[in-house]
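Written below as structure tokens is the structure these notes are about.
The chains referred to below are lettered A, B, ... by the order of the sequence lines, with proteins before strands, and numbering in each begins at 1.
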Protein chains: 2
Amino acid sequence: MKDARKLVESYPRVPITVDCVIFGFDENELKVLLIRSDLELFKDKWSLLGDFADDNEILDDSAYRVLRERTGMDDVYLEQVKTFSKPNRHPGGRVLTVAYCSLLNIEHHQLKKMDNELHWHSVKTIKDMAFDHHEILNECYAWLQKRIQEHPLGFNLLPEKFSLRELQNLYEAILDRKMDRRNFRKKFFAMDFLIDTGLYEDDVPHRPGKLYQFDFKKYGDTKKKWSGIDF
Amino acid sequence: MKDARKLVESYPRVPITVDCVIFGFDENELKVLLIRSDLELFKDKWSLLGDFADDNEILDDSAYRVLRERTGMDDVYLEQVKTFSKPNRHPGGRVLTVAYCSLLNIEHHQLKKMDNELHWHSVKTIKDMAFDHHEILNECYAWLQKRIQEHPLGFNLLPEKFSLRELQNLYEAILDRKMDRRNFRKKFFAMDFLIDTGLYEDDVPHRPGKLYQFDFKKYGDTKKKWSGIDF
DNA sequence: TCAAAAGTGTTATAGTTACACCCATGA
DNA sequence: TCATGGGTGTAACTATAACACTTTTGA
């Protein structure tokens with residue numbers, strides 16, 4: 001025990017931060033939540049929501065803490081994506097950062113704090129980001145594109161009740177590609193995770209679509225089996 | 001610039017290590033390379049190959065360094081998998097570790113150093129591991145199972161020239177499931193990344209199989225397009 | 001009555017699964 | 001000549017892709 005402590009004390013130590021890439025969906029666009037950087041050096045640039053990791057805090061908790069502190073929400077989807085370690089990525093010296101992705105429903109969350117000009121930016125057009133945050137955003141976006149095709153993450157970005165058009169718009173925005181409407185519907189109905197609420201869209205200047213909910217419970221009970229080699 | 005440095009100096013600092021999960025394939029089994037732990041506390045337990053991250057070293061380089069130091073190889077497949085941060089994962093105090101997966105061809109690498117009883121262990125049966133290394137191994141194994149179905153990583157574990165039986169044994173071992181031989185062959189021939197060397201197995205007590213090479217160049221030129229929602 | 005999006009089905013193609021026999025080799 | 005694994009094809013099934021018209025609503 002003593003030698004373990006001694007060994008650890010001999011290690012170089014590095015400051016650790018977490019950066020949350022918080023995706024949202026609004027106006028048929030994938031958005032990401034950013035603030036103005038705290039640093040004078042980056043005062044005109046946009047920054048991911050980050051903070052250093054507290055002592056004795058597991059990094060997942062740090063990420064939830066950042067979310068809570070910045071947005072007031074904590075019941076959201078959150079997953080570790082990748083650790084970034086370029087020695088010069090922070091102008092103040094070496095800082096290692098662990099990127100987390102979070103997806104949150106813009107409608108269900110009016111931002112309470114607007115410190116540092118916190119607001120949503122279009123993922124496709126954002127530039128001028130602080131640190132290596134653009135690289136982090138790009139990796140998280142690629143991660144999201146892949147993940148959303150394997151897991152039903154997308155529903156975290158939508159209102160609880162949504163139309164199939166909204167769902168398809170979300171997929172088209174994230175994957176940046178048009179899809180066939182009939183095949184899209186067929187696919188999702190075949191999965192059988194959509195609950196027909198019996199409700200319809202309102203206030204739309206055209207025939208209202210049915211509203212559905214995602215059946216998280218049924219999905220949780222089902223085990224996805226991986227199969228098929230494909231590359 | 002000054003305020004940036006000041007800010008960073010105010011952060012808590014954490015020792016960082018990398019741990020390499022080095023997979024190999026031998027005797028139709030997936031193996032992992034382990035050593036006896038350095039720590040007295042874990043003297044009967046097996047440990048992944050790790051080391052602390054040097055100052056000003058990007059973590060990918062730390063992982064390559066660990067590989068080189070422990071095995072003498074550096075032209076191998078290596079990828080970051082996940083960062084582990086439980087505050088009590090190391091008995092000497094908080095240590096954060098970044099897990100990397102490496103795949104290396106056992107035949108092409110006779111271990112030069114055998115310090116700390118370095119040797120290959122069967123992934124399926126290993127237990128009694130130091131720290132949280134069993135958890136790390138499990139996550140890396142799950143990662144490998146998924147990855148190998150999407151990318152041709154497996155070839156890094158085989159001799160340069162291999163028979164289709166060896167290739168199938170590898171997939172069956174990693175995915176832990178039997179596959180149909182005819183369909184397996186059809187699949188790989190259809191991909192068209194196998195080069196027929198014109199050579200045959202030798203010293204086998206049955207009809208010798210053809211030996212193939214993987215066409216890394218052709219694969220590199222091809223871009224995989226992701227398509228299809230599936231969960 | 002018009003504009004706009006909802007809703008719906010079929011056909012062709014590609015991929016996946018399941019399955020059995022003959023062949024080449026060394027012992 | 002035997003044991004062992006190599007090598008091969010087909011048929012049923014499932015998933016995917018392409019494609020156009022009618023319906024409902026609000027303005």
Closest heavy-atom pair, B:R89 versus B:D132, reported as atoms and distance to 0.1 Å, is NE-OD2, 2.7 Å
Q) Quick one: is D:dG7 close enough that its OP1 or OP2 comes under 4.0 Å of any side-chain N or O from B:R185? A) yes
A:F189 CZ to C:dG9 P, in whole Å, measures 11 Å
Check: B:F162 ring centre within less than 6.0 Å of B:F214 ring centre:
no
Closest to the side chain of B:E201, out of C:dA6, D:dG6, D:dT25, is D:dG6
Here the distance between atom P of C:dA5 and atom CE of A:M179, to the nearest Å, is 19 Å
B:F184 CZ to D:dG7 P, in whole Å, measures 13 Å
When rounded to whole Å, the CZ to P distance for the pair B:F162 and D:dG5 reads 20 Å
Please classify the nucleic acid contact of B:R165 as base, sugar-phosphate, or nothing, using heavy-atom distances under 4.0 Å.
sugar-phosphate
Residue pair A:D180/B:H206 against DNA chain D: nearer the 5' end by closest nucleotide is B:H206
Of B:R181 and B:K186, the one whose closest nucleotide on DNA chain C sits nearer the 5' end is B:K186
B:R207 CZ to D:dT1 P, in whole Å, measures 21 Å
The side chain to side chain contact (heavy atoms under 4.5 Å, CB included) partner of B:F23 among B:L137, B:I148, B:I106 is B:L137
B:N183 atom CG is separated from D:dA12 atom C1', nearest whole Å, by 13 Å
**OP:** Would you mind checking if A:R165 and A:E201 are paired as a salt bridge, meaning a charged N to carboxylate O distance below 4.0 Å?
**Re:** no
Comparing nearest nucleotides in DNA chain C, the 5'-proximal residue of the pair A:P205, A:L164 is A:P205
From CG of A:D230 across to P of C:dG15 the rounded distance in Å is 9 Å
**Asked** Does a distance-only test, which skips hydrogens and angles, find a donor-acceptor pair under 3.5 Å between the side chain of A:R182 and the base of C:dA6?
**Response** no
B:Y200 OH to C:dT25 P, in whole Å, measures 9 Å
(Q) Looking at A:E150, is its backbone amide N or carbonyl O close enough to the side chain of B:D230 to form a donor-acceptor pair, meaning the two atoms are under 3.5 Å apart? (A) no
For a quick check of understanding: with a heavy-atom distance under 4.0 Å over all strands, which category does B:K187 fall into, base, sugar-phosphate or nothing? sugar-phosphate
